[in-house]
*Asks:* 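Have a look at this one.
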Protein chains: 2
Amino acid sequence: MTAPADANSWQAIHAELMRRIAERVWQPGDPVPHEVDLAAEFGCARATVNRAMREIAQAGFIERRRKAGTRVALNPVRRATLEIPITRIDVESRGMAWRYELIERQFAHPSQIVAARMGLAADVRLLHVRARHFADGKPHLYEDRWIHTAVVPGALDADFSAVSANEWLVQNAPFTRGDVTLSAANASTIEARLLNTPENAALFIVERLTWHAFDPITHVRLVYAPGYRMEMTI
Amino acid sequence: MTAPADANSWQAIHAELMRRIAERVWQPGDPVPHEVDLAAEFGCARATVNRAMREIAQAGFIERRRKAGTRVALNPVRRATLEIPITRIDVESRGMAWRYELIERQFAHPSQIVAARMGLAADVRLLHVRARHFADGKPHLYEDRWIHTAVVPGALDADFSAVSANEWLVQNAPFTRGDVTLSAANASTIEARLLNTPENAALFIVERLTWHAFDPITHVRLVYAPGYRMEMTI
DNA sequence: CTCCATAATATGTGCAGACATAATAACGCA
DNA sequence: TGCGTTATTATGTCTGCACATATTATGGAG
């Protein structure tokens, strides 16, 4: 391979700096040499060192401030990246057959909690879509969604019987910001029936609220069948 | 007119490209103009456009391949970054008082599941540390941890009664890689007692396995008291 | 000694040019 | 026609330089 050829690549420098941090050559709280000095040491341009250090800073291992310099983070906040795919893709990528079933689609008043989270008046009417996703024929996910049709008028023409609201929105209602909340809850009577599981079973729950600028697009509560595990790496 | 002075900043270009993607100027699957052309359009250097597009690609909105070019992602995989702070900091940042209690610290054989996950033989002995974290006096988190002292010999001298294993490891056992699994489970008898909650209550569970190169450092199972919500933004 | 204006400095970013790399497109040969 | 070689091309990265910006350090006035 091109072994020492990339000795000056930002990735090689990234790796070397990470090694020094991991092996305590630079202790937590210690200052890290300046970009100019490191560039001289590695015999490369400052921009290359900057690229490497920027990535390390993004990962939370070092803290940088103009004029003050760079130091190894004392309490490195571990950042794990969670990938949130479309449910269909998620199921299929696990090698299972995906099926989708629309339960309900109608206008209604959301609960006060949902309305408050979306920053909407309590008497607003939203499109309420409830559906189930199956993996290999077994209930996998119960989706309870509220769509703000004032912001996504196209949703009025979609019936969500063939294409899931999940997928339709990804394709048709791009969002600029989203809040995700993960939690656990005991299965309610309805949830237990829909997911074919005992009442009070522990369920993994994802709530997602997406915005386009300052307008709430949709609030969805995803209730996964027992056994669901969400995996990510640091 | 220095108004468009930052018009050339990579962030301004980033915002403009994101706008075109969000507003469907470039449809999903569509090719995005080449860096050179965009640089000409914005009147900036190609490196600046590259910086903007690199960030967008990292966020998953576009896909880039040499020679093939850039296109808007068809099924944008949303990447959310989850920040995992030290528990003490997490509790204190929510304005609550943090207290820590060591339950047990002894060498033992891990369960087959844990040993397998860590890639260790079934008969290995690991340091087993169990502890509770309190928030405002109420049980907040039950921590069940296995430490591979062959990799972290310093842990032999730490008693974990004052400093939590959580915090000690962050400070003394840097890791290069970590696997995180999120799930939900019903409270076992022991967990219910330790967290002062009814048996079978739904609990939010984080399992984390960290590695230094190819050596497993520690496996921890964090069991949160009911009501815990993990929040993140996209 | 305190406070405020000013200088110094490390990082942040931009530019133009060059070469590297990966992957596709085109071509030529059998 | 089919296949392997070669050209082409868009992105990936590096360099050297310059200026911008955010902070800290300095020093002078009161």
Side-chain angles (χ1 to χ4, degrees), chain A residues 1-18 20-21 26-74 76, chain B residues 1-18 20-21 26-74 76:
Chain A
M1 299 296 171
T2 48
D6 358 297
N8 285 21
S9 75
W10 71 265
Q11 310 195 36
I13 293 171
H14 179 275
E16 171 60 16
L17 299 184
M18 284 302 287
R20 293 187 191 180
I21 294 167
W26 299 326
Q27 309 255 335
D30 276 5
V32 170
H34 299 150
E35 288 187 351
V36 188
D37 301 332
L38 287 171
E41 180 193 333
F42 292 119
C44 69
R46 186 170 76 90
T48 308
V49 174
N50 181 278
R51 171 74 188 271
M53 292 182 87
R54 196 199 319 141
E55 305 265 342
I56 296 176
Q58 260 186 346
F61 292 103
I62 59 177
E63 284 163 4
R64 322 196 73 195
R65 270 164 57 220
R66 288 179 183 177
K67 165 78 179 179
T70 304
R71 20 189 84 246
V72 180
L74 266 178
Chain B
M1 287 278 286
T2 42
D6 5 296
N8 286 16
S9 76
W10 71 266
Q11 309 192 33
I13 292 172
H14 179 276
E16 170 61 14
L17 300 185
M18 284 302 288
R20 293 187 190 178
I21 294 168
W26 299 326
Q27 308 257 335
D30 276 6
V32 170
H34 300 150
E35 288 186 352
V36 187
D37 301 332
L38 287 171
E41 181 194 333
F42 292 118
C44 68
R46 185 170 77 91
T48 308
V49 174
N50 181 278
R51 171 75 188 270
M53 292 183 86
R54 195 200 319 140
E55 306 265 342
I56 296 176
Q58 261 185 346
F61 293 104
I62 60 178
E63 285 163 3
R64 321 197 72 195
R65 268 163 58 219
R66 288 179 183 177
K67 166 77 180 179
T70 304
R71 30 188 75 244
V72 180
L74 266 177

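Note that these values count all heavy atoms, side chains included, but never hydrogens, waters or copies made by symmetry. Proteins come first, then strands; the chains are lettered A, B, ... in the order of their sequence lines, and each starts at number 1. What you see is a predicted model, and the numbers here were worked out from it, not measured in a lab.
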*Asks:* Using atom CZ of A/R54 as one end and atom P of C/dT11 as the other, report the distance to the nearest whole Å.
*Replies:*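 Rounded to the whole Å, the gap is 14 Å.
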
*Asks:* When you get a sec, tell me which of C/dT11, C/dT24, D/dT11 is the closest nucleotide to the side chain of A/T70?
*Replies:* C/dT11

*Asks:* Of the nucleotides C/dA23, C/dA10, D/dG12, which has the atom closest to the A/R66 side chain?
*Replies:* C/dA10

*Asks:* If I take atom CZ in residue B/R71 and atom P in nucleotide D/dT11, what distance separates them, rounded to the nearest angstrom?
*Replies:* 11 Å

*Asks:* Please determine if a side-chain N or O atom of B/R64 lies less than 4.0 Å away from the OP1 or OP2 oxygen of D/dT11.
*Replies:*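 For B/R64, the contact criterion (side-chain N or O under 4.0 Å from OP1 or OP2 of D/dT11) is met.
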
*Asks:* How do A/A45 and B/G69 order along DNA chain D: which one's closest nucleotide is nearer the 5' end?
*Replies:* B/G69

*Asks:* What integer distance in Å separates A/R51:CZ from D/dG12:P?
*Replies:*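 These atoms are roughly 9 Å apart.
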
*Asks:* Just compare C/dT11, D/dG12, C/dG14 and give me whichever is closest to any side-chain atom of B/T48.
*Replies:* C/dG14

*Asks:* In whole angstrom, give the distance that lies between atom CE of A/M53 and atom P of C/dT13.
*Replies:*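 Taking CE of A/M53 and P of C/dT13, I get 14 Å after rounding.
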
*Asks:* Nearest whole Å is fine: how far is C/dA10 C1' from A/E63 CD?
*Replies:* 16 Å

*Asks:* Between B/E63 and B/R71, is the closest basic N to carboxylate O distance under 4.0 Å?
*Replies:* no

*Asks:* Taking atom P of D/dC19 as reference, at what distance in whole Å does atom CH2 of B/W10 sit?
*Replies:*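 Rounded to whole Å, this separation is 23 Å.
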
*Asks:* At their closest point, which heavy atom of A/P28 faces which heavy atom of A/A73, and how far apart are they?
*Replies:* CB-O, 3.8 Å

*Asks:* Do B/R51 and B/E35 meet the salt-bridge criterion of a basic N to acidic O distance under 4.0 Å?
*Replies:*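 Looking at B/R51 together with B/E35, the answer is no, because their closest N to O distance does not fall below 4.0 Å.
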
*Asks:* For a quick test of reading the model: is some side-chain N or O of A/N50 closer than 4.0 Å to OP1 or OP2 of C/dG12?
*Replies:* yes

*Asks:* Can you tell me if A/Q11 touches the phosphate of D/dG12, counting only side-chain N or O atoms and a distance under 4.0 Å to OP1 or OP2?
*Replies:*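 No, A/Q11 has no side-chain N/O under 4.0 Å of OP1/OP2 on D/dG12.
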
*Asks:* Using a 3.5 Å distance criterion without hydrogens, assess whether the side chain of B/N50 forms a donor-acceptor pair with backbone atoms of B/A47.
*Replies:* no

*Asks:* Under 3.5 Å, is there an N or O donor on one side and an acceptor on the other linking the side chain of A/R46 and the base of C/dT13?
*Replies:* yes

*Asks:* For the CD1 atom of B/I56 and the CD1 atom of B/I21, what is their distance to the nearest 0.5 Å?
*Replies:* 5.0 Å

*Asks:* To the side chain of B/H34, which of C/dG12, C/dA10, D/dA10 is closest?
*Replies:* D/dA10

*Asks:* Starting from C1' on D/dT9, measure out to CG on B/D37 and report it in whole angstrom.
*Replies:* 12 Å

*Asks:* Could you state the CZ-C1' distance from B/R65 to C/dT24, rounded to the nearest angstrom?
*Replies:* 9 Å

*Asks:* With a 3.5 Å cut-off and just heavy-atom distances, do the side chain of B/K67 and the base of C/dT21 make a donor-acceptor pair?
*Replies:*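 Not at all, since no donor on one side and acceptor on the other fall under 3.5 Å apart.
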
